[in-house]
Amino acid sequence: MMGEYLLRLALLLPLLGALIWGSLRLTRALQGRLLGIGGGAGRGGRALRLVETSLVAPGMRLAVVRFHDREILIGASRSGLVRLGEAQARPEFAPEGGAP
């Protein structure tokens with residue numbers, strides 16, 4: 001009886017760990033794809049791009065998004081989103097060592 005329990009525990013515990021690890025990897029990959037991280041954001045015809053975020057307080061965040069050559073400041077809280085401001089998009093800087 002006890003041996004059967006230990007055998008099940010020894011088999012199912014690593015399986016559970018593998019499922020947790022796989023779901024975390026999948027979540028990270030999907031978040032990167034949705035936010036445009038690592039996939040060349042701004043290229044490939046995407047109209048919306050997350051430029052920067054900042055945590056103001058627990059549950060309150062500021063975000064700057066680029067949409068059709070405009071940068072829009074958005075306030076995000078538990079109750080929803082609010083557009084706080086808008087300006088012309090700043091020019092993007094080429095990485096150092098890149099082609100002129």
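Below, all heavy atoms of this structure are taken into account, side chains as well, without hydrogens, waters or symmetry copies.
- Among residue pairs with one or both ends in residues 14-25, none qualify as side chain to side chain donor-acceptor pair (under 3.5 Å); sequence neighbours excluded.
- Under the side chain to side chain donor-acceptor pair (under 3.5 Å) criterion, S54 pairs with no residue at all, not counting sequence neighbours.
- With sequence neighbours left out, the side chain to side chain donor-acceptor pair (under 3.5 Å) criterion links R78 to no other residue.
- Through direct or indirect side-chain contacts shorter than 4.5 Å among Ile, Leu, Val, Met, Phe, Trp and Tyr, L16 is connected to I20, L24.
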Listed pairs under 3.5 Å, donor-acceptor, residues 3-14 side chains, sequence neighbours left out:
from	atom 1	to	atom 2	distance (Å)
E4	OE2	R8	NH2	3.0

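- Residues meeting the side chain to side chain donor-acceptor pair (under 3.5 Å) test with S77, sequence neighbours left out: S79.
- Looking at residues two or more places apart in sequence or on another chain, you find a side chain to side chain donor-acceptor pair (under 3.5 Å) between R70 and E86, Q88.
- Atom CD of E71 sits about 8.0 Å away from atom CZ of R49, to the nearest 0.5 Å.
- In this structure, CG in L55 is found 5.0 Å from CZ in R61, a value given to the nearest 0.5 Å.
- As a member of the Ile/Leu/Val/Met/Phe/Trp/Tyr network built from side-chain separations under 4.5 Å, L84 groups with V51, V56, M60, L62, V64, L73, V82.
- Atom CG of L48 sits about 9.0 Å away from atom NE2 of H68, to the nearest 0.5 Å.
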